[in-house]
Asker: 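After the structure tokens below, expect a handful of questions from me.
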Amino acid sequence: MMKATTVRRRGRTRAAAAALGLLAGALSAAAAAGPPASALTAPVSITADDLSTWQTNGIVWSMAASADGVVYAGGTFSTVRPPGAAAGTSEQPAVNFAAFDAATGAPTGCSLSFTVSSGTATVRSLVLSPDGRTLYAGGRFGAVNGVGVSNIAAIDTATCTPRQDFKIAVSATVRALAVTGDTVYLGGDFTQVGGQPRSHFAAVTTGASLLPFTADADEVARAVEVTPDGRHVLLGGDFFQINGTNTHALAVVDATTGQLTKSYPGFIENNSTVQDITTDAGGFYTGNEGTGGGVFDGRIALNLSNFEQRWRDTCLGATQALLVHNGVLYSGSHAHDCSSMNEFPDQPRKHLLAQSVDDPKLLPWFPDTNDGIGEPVGPRVMAQTDKGGRHYLWVGGEFTTVNSKGQQGLTRFADGPDTGAPWVPNVSVSTVAANKVEVNWQTSFDTDDGTLTYRIYKDGASTPVHTTTGYSVFWDRPQLRWTDTDVAPGETHTYRITASDGINTSAKSPAVTATVAAKAESYPAAVLADGANLYWRYDEGTSTFAADTGTGLDNGFLRNTPSYRQTPAAVSGPSTAIGFNGSTQYAYSNRSRTQLTQFSVETWIKTTTTKGGKIIGFGNKTMELSGKDDKHVYMLNNGRLAFGTSNSGTQTVTTTGAYNNGAWHHVVATQGSNGMALYVDGQLRASNTRYTKNESYTGHWRVGGDNLAGWPSRPTSNFFAGQIDETAVYPTALSASRISAHYALRNG
């Protein structure tokens, strides 16, 4: 008979092919740090490559997986169809339930129909008995294959038929189930079980007799899990009390009596709930969802030894499903902001994430779905099983795409083979210094590897001249640099780079060409000598990458395809500018920063706009308008320039002259102990010595646009229409003499 394996109701970064110590070269001293400790101690063994899987025409709410490789799926759907088939085509009936071969993704011969006499039937929870002989189903239904039941049923897995000896009336929807050798625990909307009062949680024997276990909740139950030792039951839901004692959303109770062992008043925000709970040998983990401001949407890891918190993450995005495999906690959500954990701030939603059970930091595993249909979150349930020597992770939900391809309701992943190559690197070259070429590139992204190997090819050779590694994830792609000194003035060389995850290698990047300089360029030399920790020259071609010419290696992400290689540039030499359209285009720095007690921003602008817009500034968002924003220079509709910072309100200084006359203008804004100052074309144009402080928050530098709501003389547009060049940021307030010197070097 079947043995049950890892089940959920509702682990891949493989070792690199060559040891890191054998790789030639090293990261620049200013390159980003390597992988987090959690990435080394808890490798993700599951790839991000989705496998061909049958689909449903509705939502999959629940799954259970057997040890012999059968995956049971329940939900709110009426048909299944083959992978690749469009909705409404090649369908076969599957009324709220289907069973699949874990290895092929195709339906098995087990077919059940869950129905209700009125309204919509749904299967909200599935769980296998420890011996695998019985599949328990909970939800809202009144019959299985025509056999009358009441929101809970037991299925004989050998015959795929409802057990006639397991019948007990449950007054409303069953949302969660857990089972031991002799007891079935249930949670949901009900207030009666077997004709007796039971408020949202109950327990029955495997023969369907009501047990005295009492853990009455005041609101809906959504999760129930038995601890591995069988002594306690973990409860999750919307509730604020269990058996009259305050404990919000989470509780630990005695497995026999239901009496509280551990309560959690104030532990989870009142406007958040526990949607799922899973365990491993040493801990249990909660997935949480909230509504409104100040919610808690992330995951919590707690120790089974004392039921106390091990860690929690504070990502926003309604966690629905959890599963532990090989020391990795996988989750399904629609995470959209993990900035509170120093992870991605405001990227488009990511629906599948992985973390070490010992560390909340996100691991490099980023397959994705969309939100989908119904109550759109995306993934709703996970299950894992093995078959044929491979590990399979199944995901169900309301999504309609997986990894940007059409796929509804179900998908699956495995521990290989890995077929996804990293993105092709973005590459730029710099020849501002004499007798060398600096090759800069933006680290790539791979959906299931953080550490990638980069190989640089020179002048069309088939053997790389340099090999190194770098760590990157989709929101943090640090710039790397290699300096070629095997060159001579006047020579022209080309460079291409590949990225590899140890199994798959990207195509070579387009060739970039550099002519070696005989002497250093004057203007860049002055900027670098004065300590710029961000310096974008905008000399790239068609790329999303603004290379940092300085030692800070703080590259920029160029958004929405600004106009590259604009000429003439602001300063003399082999350089180009960039053009922004005034409505959607901008750049933001890869690196976040905090506590800028003193700083300078410097750039060149050229425009004829009459709608104003932000030229450069600091904001707490990258992919949308910032909620916190200051330390910026913006243009008013009349062409005047304003420099503003926040300190218990806005602080601005504004020029009397206009600078939207179609000529290049040099703009520098500084703040420090001497106050705020705004310089244009080498001259002080506005200042205030009282404005010495600004607001402290974590943010990114942005060029070309960001929020201007609430700022004096707010222009028509948040975005700047015009050309920008030679953008630099300094951790000091530049002196008037240095600013004047920079302006004087514009012609070389």
Side-chain angles (χ1 to χ4, degrees), residues 1-2 4 7-10 54 56-66 70-80 91-100 107-129 131-179 183-190 192-195 202-210 224 380-381 383 396 409-410:
M1 272 304 164
M2 291 182 284
V7 175
R8 289 305 325 134
R9 297 166 303 282
R10 305 266 273 149
W54 276 58
T56 64
N57 69 340
I59 302 172
V60 174
W61 292 104
S62 54
M63 286 196 294
S66 72
V70 176
V71 175
Y72 302 96
T76 311
F77 52 87
S78 59
T79 66
V80 294
E91 293 182 328
Q92 61 185 50
V95 183
N96 301 313
F97 177 88
F100 302 89
T108 69
C110 179
S111 178
L112 296 169
S113 175
F114 287 76
T115 58
V116 68
S117 59
S118 62
T120 301
T122 185
V123 178
R124 286 291 183 135
S125 184
L126 293 170
V127 63
L128 279 160
S129 61
D131 62 7
R133 294 172 181 267
T134 302
L135 175 69
Y136 294 93
R140 183 180 186 273
F141 48 83
V144 182
N145 283 7
V147 176
V149 293
S150 179
N151 300 318
I152 190 169
I155 309 301
D156 182 285
T157 55
T159 61
C160 190
T161 57
R163 272 178 41 191
Q164 299 282 356
D165 62 345
F166 185 92
K167 289 190 178 181
I168 190 167
V170 182
S171 64
T173 303
V174 174
R175 297 180 180 272
L177 292 170
V179 63
T183 304
V184 181
Y185 297 91
L186 52 155
D189 301 2
F190 54 83
Q192 285 192 337
V193 176
V204 301
T205 68
T206 51
S209 296
L210 183 65
V224 58
R380 290 285 185 172
V381 62
L410 284 168

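Side chains included, hydrogens not; waters and symmetry mates left out as well; all remaining heavy atoms used.
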Asker: In the structure I gave you, are the side-chain heavy atoms of R140 and D189 within less than 4.5 Å of one another anywhere?
Answerer: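 In short, these two side chains do not touch, never coming nearer than 4.5 Å.
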
Asker: Report yes or no: is the cationic atom of R124 (NZ for Lys, CZ for Arg) under 6.0 Å from the centre of the six-membered ring of W61, at an angle within 45° of the ring normal?
Answerer: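 Yes, a cation-pi geometry.
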
Asker: Which atom names give the shortest non-hydrogen contact between S209 and I168, and what distance separates them?
Answerer: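 Minimum heavy-atom separation between S209 and I168: C-CD1, 4.5 Å.
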
Asker: Any ring-ring contact (aromatic ring centres under 6.0 Å, His included) pairs touching residues 146-170, not counting sequence neighbours?
Answerer: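 ring-ring contact (aromatic ring centres under 6.0 Å, His included) check on residues 146-170 returns Y136-F166.
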
Asker: Write down the atom of L177, the atom of S125, and the distance for their closest heavy-atom approach.
Answerer: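 Heavy atoms of L177 and S125 come nearest at N-OG, 3.0 Å.
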
Asker: Which atom names give the shortest non-hydrogen contact between G58 and F77, and what distance separates them?
Answerer: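 For G58 and F77, the tightest heavy-atom pair comes out as N-CB, 3.6 Å.
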
Asker: Evaluate the side chain to side chain contact (heavy atoms under 4.5 Å, CB included) criterion for residues C110 and V70: first the C-alpha distance (whole Å), next the side-chain angles of each, then the deciding distance (0.1 Å), finally the verdict.
Answerer: CA-CA 10 Å; C110 179; V70 176; over 6 Å; no

Asker: Whether the side chain of K167 engages the backbone of A153 through a donor-acceptor N/O pair (distance < 3.5 Å, no angle test) should be reported.
Answerer: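 Checked: no pair found.
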
Asker: For the residue pair V224 and G187, what are the closest heavy atoms and their distance?
Answerer: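 The pair with the smallest heavy-atom distance is CG1-N, 4.4 Å.
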
Asker: Give every donor-acceptor pair under 3.5 Å between a side-chain atom in residues 113-122 and any protein atom, sequence neighbours left out.
Answerer:
{"unit_1": "T122", "atom_1": "OG1", "unit_2": "G75", "atom_2": "O", "d": "3.4"}
{"unit_1": "T122", "atom_1": "OG1", "unit_2": "T76", "atom_2": "OG1", "d": "2.7"}

Asker: Do side-chain atoms of S150 reach the backbone of A169 as a donor and acceptor pair under 3.5 angstrom?
Answerer: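 No, because the side chain of S150 does not come within donor-acceptor range (under 3.5 Å) of the backbone of A169.
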
Asker: So do T206 and V184 actually touch side chain to side chain, heavy atoms under 4.5 Å?
Answerer: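 They are in side-chain contact.
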
Asker: Measure the CG-CD1 distance between L410 and I59 for me, rounded to the nearest 0.5 Å.
Answerer: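 With rounding to 0.5 Å, CG (L410) is 12.0 Å from CD1 (I59).
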
Asker: Taking only residues two or more places apart in sequence or in another chain, which ones pass side-chain hydrogen bond (donor to acceptor under 3.5 Å, both in side chains) with E91?
Answerer: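 Once residues adjacent in sequence are excluded, the partners of E91 under the side-chain hydrogen bond (donor to acceptor under 3.5 Å, both in side chains) criterion are T79.
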
Asker: Please name the pair of heavy atoms, one in G409 and one in T56, separated by the smallest distance, quoted to 0.1 Å.
Answerer: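 So the minimum-distance heavy-atom pair works out to CA-OG1, 3.5 Å.
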
Asker: Can you spot which of L126, T161, V144 makes a side chain to side chain contact (heavy atoms under 4.5 Å, CB included) with I155?
Answerer: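 For I155, the side chain to side chain contact (heavy atoms under 4.5 Å, CB included) test succeeds with only one of L126, T161, V144, which is V144.
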
Asker: Would you call R380 and V60 a side-chain contact if the rule is heavy atoms closer than 4.5 Å?
Answerer: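 The answer is no; the side chains never approach within 4.5 Å.
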
Asker: Let me confirm one number: the OH-CZ distance from Y72 to F97, rounded to the nearest 0.5 Å.
Answerer: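 Spacing of OH (Y72) from CZ (F97) equals 6.5 Å.
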
Asker: Restricting to non-hydrogen atoms, name the atom on A65 and the atom on V71 that form the minimum distance, rounded to 0.1 Å.
Answerer: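 The answer is CB-CG2, 4.2 Å.
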
Asker: Counting C-beta onward and ignoring hydrogens, is there a side-chain heavy-atom pair between Q92 and P107 closer than 4.5 Å?
Answerer: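 Yes, at least one pair of side-chain atoms sits under 4.5 Å.
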
Asker: Is the backbone of S78 close enough, under 3.5 Å, to the side chain of N57 for a donor and an acceptor to pair up by distance?
Answerer: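 Checking the backbone N and O of S78 against the side chain of N57, a donor-acceptor pair under 3.5 Å is found.
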
Asker: With rounding to the nearest 0.5 Å, note down the distance linking CG in L135 to CG in L128.
Answerer: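 It is 5.0 Å, given to the nearest 0.5 Å.
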
Asker: Under the side chain to side chain contact (heavy atoms under 4.5 Å, CB included) rule, what do V147 and Q164 come out as? Steps first, then yes or no, please.
Answerer: CA-CA 8 Å; V147 176; Q164 299 282 356; 3.8 Å; yes

Asker: Name the one of V174, T173, L186 that satisfies side chain to side chain contact (heavy atoms under 4.5 Å, CB included) with N151?
Answerer: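 Option passing the side chain to side chain contact (heavy atoms under 4.5 Å, CB included) with N151: V174.
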
Asker: Answer yes or no: is there a donor N or O on one side and an acceptor on the other, between the side chain of S171 and the main chain of F190, under 3.5 Å?
Answerer: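 No, the answer is negative, given that no donor and acceptor are paired below the 3.5 Å cut-off.
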
